[in-house]
Amino acid sequence: ANVDRRGIDRAVAAAYELPRVTDCADLDALVRGVSPPSDDAGRAQATSVRETLSRSERVMDAGRVKEALQLAEAAVPLAEQTHYPPLLAEAKLVLGRVYHRAARTKDAEAAFQEAELLAEEIGYDRVRAEAWVGVTKLLATSSSRFEDARTSARRAKAAIKRIGGDAELTVECETSEAQMLVQEGENEKALARFVNAERDYVQATSPENRQPLKHINLLEKMAYVHVAQGRHQPELELFRRAQTMAEAALGDGHPSTVE
């Protein structure tokens, strides 16, 4: 059977524009002993900065990296002006992600490290976990520092455990470790790791709380391992699943899912 790869690409790209599940989370509730801005202007600026960071991540996921970088870089000094450390840690975290996508590896690693240190100072464990996951992904995909990446993965998993576990962060970490195996030429081991990561992710999450982008991304990575092995039928089946997920996330009749 044939598969409409252009249709898949359109549907998946459009799914990248969807808001992330965590965009509207009350992240302040996770930080203890640090008071948010007390004045109306400060609270309004903090809200504006978070909206900018959210927008930066969405346009980055949609492939508009230059626009995402402009947004993320603009958000950092605005976050500093609020004198609210949790917000600055979040801004540095997003900046690290965008630098990674922009292939600015050194800048990305520095931003992630700053986010992690800021978060450690104030007990912002979620940002610590996300920063270590970011470092792990960066080193696994943009360098040959695989031992450093594995150390970061261990730290990421410890931080994830500290926040009571998180399926989304865990699957990102597991996926990064599988990608390291691909880079090392261990395709069969990598594929087994991808399969286990997807199984654990599906078991740990309900469909309504699952982030379609992460699941789609995982399926695509599994498909490309099959491509490298010359196995095209499993590849097509995985891409079809990715297309189905994108269409489900976008809804019936979305222009990116129909001809």
(message) Between Met60 and Arg64, is there a side-chain heavy-atom distance shorter than 4.5 Å?
(response) no

(message) Quick one, Thr141 and Ser176 - any side-chain contact, counting heavy atoms below 4.5 Å?
(response) no

(message) Under a plain distance cut-off of 3.5 Å, with no hydrogens placed, do Tyr201 and Glu174 share a side-chain donor-acceptor pair?
(response) no

(message) Salt bridge or not between Arg55 and Glu67? Use side-chain N to carboxylate O under 4.0 Å.
(response) yes

(request) Taking the side chain as every heavy atom from C-beta outward, state whether Lys157 and Cys173 have any pair of such atoms under 4.5 Å apart. (result) yes

(message) Between His226 and Gln229, is there a side-chain donor-acceptor contact under 3.5 Å, judged purely by atom types and distance?
(response) no

(message) For Glu90 and Tyr84, which I'm curious about, is there any donor-acceptor pair between the side chains at under 3.5 Å?
(response) no

(request) State whether a side-chain donor-acceptor pair under 3.5 Å links Ser54 with Arg58. (result) yes

(request) Let me know which of Arg145, His100, Arg104 forms a side-chain hydrogen bond (donor to acceptor under 3.5 Å, both in side chains) with Glu109. (result) Arg145

(request) Would you mind reporting whether Ile163 and Asp166 have side-chain heavy atoms less than 4.5 Å apart? (result) yes

(request) Flag the pair Met245 / Leu219 as yes when at least one side-chain heavy-atom distance between them is below 4.5 Å, and no otherwise. (result) yes

(request) Identify whether Val133 and Val94 are in the same connected component of the hydrophobic contact network (ILVMFWY, side-chain heavy atoms under 4.5 Å). (result) no

(request) Specify the closest pair of heavy atoms between Val98 and Ser56, including all atoms of both residues, with the distance to one decimal. (result) CG2-OG, 3.6 Å

(message) Looking only at side-chain N and O atoms, does Arg193 offer a donor or acceptor that is under 3.5 Å from a partner on Asn196?
(response) no

(message) Any salt bridge linking Glu235 with Arg240? Criterion: basic side-chain nitrogen under 4.0 Å from a carboxylate oxygen.
(response) no

(message) Between Tyr124 and Leu118, does the side chain to side chain contact (heavy atoms under 4.5 Å, CB included) criterion hold? Intermediate values first, please.
(response) CA-CA 8 Å; Tyr124 200 166; Leu118 284 165; over 6 Å; no

(request) Step by step, work out the salt bridge (Lys or Arg N to Asp or Glu O under 4.0 Å) result for Glu188 and Arg231. (result) CA-CA 12 Å; Glu188 291 300 332; Arg231 296 192 291 258; 3.1 Å; yes

(request) With the side chain counted from C-beta on, respond yes when Tyr99 and Leu69 share a heavy-atom pair under 4.5 Å apart, and no when they do not. (result) yes

(message) Testing the 3.5 Å rule here: is there a donor-acceptor pair between the side chains of Glu198 and His215?
(response) yes

(request) Run the ring-centre check on Tyr224 versus Phe194 and record whether the distance is less than 6.0 Å. (result) no

(request) Show your reasoning for whether side chain to side chain contact (heavy atoms under 4.5 Å, CB included) applies to Leu191 and Leu181. (result) CA-CA 9 Å; Leu191 186 58; Leu181 291 170; over 6 Å; no

(request) Would you check if there is a donor-acceptor pair between the side chains of Ser152 and Arg155 at a distance under 3.5 Å? (result) no

(request) Tell me, yes or no, whether the heavy-atom count around Arg162 atom CZ, taken from other residues, nucleotides or ligands under 6.0 Å, exceeds 12. (result) no

(message) Regarding Arg97 and Glu130, does a basic nitrogen lie under 4.0 Å from an acidic carboxylate oxygen?
(response) yes

(message) Out of the candidates Glu177, Gln179, Glu172, only one should pair with Lys137 under the side-chain hydrogen bond (donor to acceptor under 3.5 Å, both in side chains) rule; please name it.
(response) Glu172

(message) I'd like to check Gln183 versus Met180 (side-chain heavy atoms, cut-off strictly below 4.5 Å). Are they in contact?
(response) no

(message) Just so I know, are the side chains of Leu88 and Val76 near enough to count as touching, which here means a heavy-atom distance under 4.5 Å?
(response) yes

